[in-house]
Student: 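This is the structure I want to talk about, given as structure tokens.
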Protein chains: 2
Amino acid sequence: MELAAAKLKFIEAWGKLGSEWGINRTMAQVHALLLISPEALTTEEIMEALSISRGNANMTLRDLIGWGLIEKQHKAGERKEYFFADKDVWNISRQVAKERKKRELEPVLKVLNELSTVTGDEKDPAFKTFKKSVSDINKLALNVDKTLETMLKAEENWFWGSVLKVFK
Amino acid sequence: MELAAAKLKFIEAWGKLGSEWGINRTMAQVHALLLISPEALTTEEIMEALSISRGNANMTLRDLIGWGLIEKQHKAGERKEYFFADKDVWNISRQVAKERKKRELEPVLKVLNELSTVTGDEKDPAFKTFKKSVSDINKLALNVDKTLETMLKAEENWFWGSVLKVFK
DNA sequence: TTAAAGTTTCAATAATTATTGAAACTTTAT
DNA sequence: ATAAAGTTTCAATAATTATTGAAACTTTAA
């Protein structure tokens with residue numbers, strides 16, 4: 001396969017994967033484009049490469065910065081802004097884990113905590129089932145939280161080394 | 001908090017979490033409803049509890065069965081079909097992991113494999129960056145795949161025991 | 001059979017989410 | 001000052017995704 005075709009295929013696949021995981025397709029595609037680009041790109045270049053509008057490009061780039069996945073770069077003597085992505089896949093994973101933990105897991109833990117204070121009749125099967133399910137989910141979520149916490153601090157080799165060794 | 005309010009809050013939170021992770025909100029809500037219900041429910045009861053149409057309920061229940069998260073139950077002497085959810089949170093996690101691995105991770109691994117056969121000029125930075133990114137992502141995806149594979153075979157206590165012990 | 005009970009399908013519609021494009025705004029150089 | 005280059009905003013629109021509801025279908029029992 002030629003590089004040009006491969007790039008398109010990569011961008012398409014990354015966009016599809018993103019959308020299956022609740023990430024806007026365009027955002028995933030812009031990230032993919034920057035991931036495989038050795039140079040920082042301008043808004044114009046991104047618009048052109050993905051056939052998207054200026055407004056869309058601007059908002060998407062802002063979101064990606066908000067996720068900590070890309071950065072602005074200023075080139076000396078240039079007026080335009082350039083964007084580039086961290087190419088370290090482990091950093092990317094940690095960044096995504098960190099954001100989703102903050103945006104999604106933590107709010108859920110908060111709700112589960114509130115729900116565990118529910119009051120009712122201990123003899124009522126509906127009450128017992130509710131409490132059991134909430135409590136089990138809470139335990140699982142706390143384990144996931146702790147594991148992510150560790151991942152955020154870990155080096156890639158150490159992390160996978162430990163995890164895969166345990167599972168051999 | 002009262003049980004009735006807590007149930008609603010749980011269903012709402014589960015629906016929201018689902019939609020943030022690429023799972024249809026209604027599907028997550030129906031699953032939540034069955035998770036906290038000690039008895040199997042009929043389509044009618046589910047429609048009523050969540051204010052959804054018969055068509056929606058039927059399709060959603062079919063999808064949930066397809067994900068292996070709920071089952072049909074036939075009650076002796078009854079014409080209606082009843083639905084109930086496995087309440088074991090570890091089984092649920094494994095089932096979701098199994099399905100997403102099959103539906104999403106495996107197709108991505110296939111594409112990454114194809115993309116690693118890309119041909120081009122080894123001196124070209126664009127080519128080198130592309131190959132490096134694809135190769136790094138491929139390695140990560142393979143590690144995730146192996147870890148999920150282990151999880152699918154594991155017992156909950158063993159799994160979290162091992163993972164959390166490593167990270168202490 | 002046939003009619004009642006229950007289930008499934010799917011075209012039409014609604015709701016949600018993403019995108020455009022042009023105007024407003026900001027920055028820089030002259 | 002002002003004009004050119006670049007960026008941001010957001011109301012309007014498009015595209016996508018979810019939902020309805022009624023008709024078609026299936027199953028069961030009299």
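Just so we're on the same page: letters track the sequence lines, and every chain starts at 1.
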Student: Compare side-chain N and O positions of B:Asn58 against OP1 and OP2 of C:dT7 and report whether any pair is under 4.0 Å apart.
Tutor: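 Indeed not, no polar side-chain atom of B:Asn58 lies that close.
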Student: Round to a whole Å and report the spacing from CE of A:Met27 to P of C:dT17.
Tutor: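 Going from CE in A:Met27 over to P in C:dT17 covers 16 Å.
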Student: Determine which nucleotide pairs with D:dA12, using a 3.5 Å limit on both distances of a Watson-Crick or G-U wobble pair.
Tutor: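 Pair assignment: D:dA12 / C:dT19.
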Student: With a 3.5 Å limit on both atom pairs, tell me what C:dT7 is paired to, counting Watson-Crick and G-U wobble, or say none.
Tutor: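 The base-pairing partner of C:dT7, which may sit in any strand shown, is D:dA24.
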Student: What is the nucleic acid contact for B:Ser51, judged by heavy atoms within less than 4.0 Å: base, sugar-phosphate only, or nothing?
Tutor: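 Sugar-phosphate: the residue B:Ser51, judged by heavy atoms under 4.0 Å, touches backbone atoms but no base.
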Student: On DNA chain D, compare the nucleotides closest to A:Glu78 and A:Gly55; which residue's is nearer the 5' end?
Tutor: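 The residue whose closest nucleotide sits nearer the 5' end is A:Glu78.
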Student: Does B:Glu39, at its CD atom, have more than 12 non-hydrogen atoms belonging to other residues, nucleotides or ligands within less than 6.0 Å?
Tutor: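 At most 12 heavy atoms, drawn from other residues, nucleotides or ligands, come within 6.0 Å of this atom.
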Student: Can a side chain N or O of B:Thr43 be found less than 4.0 Å away from OP1 or OP2 on C:dG6?
Tutor: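 No, outside the criterion.
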Student: Rounding to a whole Å, what distance do you find between A:Met59:CE and C:dT19:C1'?
Tutor: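 So the two atoms are 9 Å apart, to the nearest Å.
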Student: Has B:Gln73 got more than 12 heavy atoms of other residues, nucleotides or ligands less than 6.0 Å from its CD?
Tutor: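 Buried by this count: over 12 neighbours within 6.0 Å.
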Student: I want to confirm an ordering. Mapping A:Ser19 and A:Glu81 to their closest nucleotides on DNA chain D, which one lands closer to the 5' end?
Tutor: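 Per heavy-atom nearest nucleotide, the more 5' residue is A:Glu81.
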Student: Does B:Arg54 reach a base, just sugar-phosphate, or nothing at all? Heavy atoms under 4.0 Å.
Tutor: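 Touches a base.
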Student: Between atom NZ in B:Lys80 and atom P in C:dA4, what is the gap in whole Å?
Tutor: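 Roughly 16 Å, once rounded to whole Å.
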Student: Quick check on A:Glu99: does its CD atom have over 12 non-hydrogen neighbours (other residues, nucleotides or ligands) under 6.0 Å away?
Tutor: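 Enclosed.
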Student: What is the separation between atom CD on B:Glu48 and atom P on D:dT20, rounded to the nearest whole Å?
Tutor: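 These atoms are roughly 14 Å apart.
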Student: Is a side-chain donor or acceptor of B:Lys87 paired with a backbone partner of B:Ser37 at a separation under 3.5 angstrom?
Tutor: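 Pair found, side chain donor or acceptor close to backbone of B:Ser37.
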Student: Grab the NZ-P distance between B:Lys16 and C:dT17 for me, whole Å please.
Tutor: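 Distance check: B:Lys16 NZ to C:dT17 P gives 12 Å.
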Student: Using a 3.5 Å distance criterion without hydrogens, assess whether the side chain of B:Thr129 forms a donor-acceptor pair with backbone atoms of B:Ala126.
Tutor: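 Between the backbone of B:Ala126 and the side chain of B:Thr129 there is no qualifying donor-acceptor contact (under 3.5 Å).
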Student: So which one's nearest nucleotide on DNA chain C is more toward 5', A:Arg79 or A:Ile52?
Tutor: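 Per heavy-atom nearest nucleotide, the more 5' residue is A:Ile52.
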Student: Students often get this wrong, so: under 4.0 angstrom with heavy atoms, is B:Thr60 touching a base, only sugar-phosphate, or nothing?
Tutor: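 Nothing: the residue B:Thr60, judged by heavy atoms under 4.0 Å, touches no strand.
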Student: Tell me whether the OP1 or OP2 atom of C:dT9 has a side-chain N or O from B:Arg62 closer than 4.0 Å.
Tutor: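 Indeed, a polar side-chain atom of B:Arg62 lies that close.
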Student: Tell me the interatomic distance from B:Met47, atom CE, to C:dT7, atom C1', rounded to whole angstroms.
Tutor: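 So the CE-C1' distance, B:Met47 to C:dT7, works out to 11 Å.
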Student: Figure out the CD1/P separation between B:Ile46 and D:dT20, and round it to whole Å.
Tutor: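 Nearest whole value for this atom pair: 14 Å.
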Student: Looking only at side-chain N and O atoms, does A:Asn56 come under 4.0 Å of OP1 or OP2 in C:dA18?
Tutor: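 No, outside the criterion.
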Student: Could you state the atom-to-atom distance from CG of B:Asn24 to P of D:dT20 in whole Å?
Tutor: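 Between P of D:dT20 and CG of B:Asn24: 11 Å.
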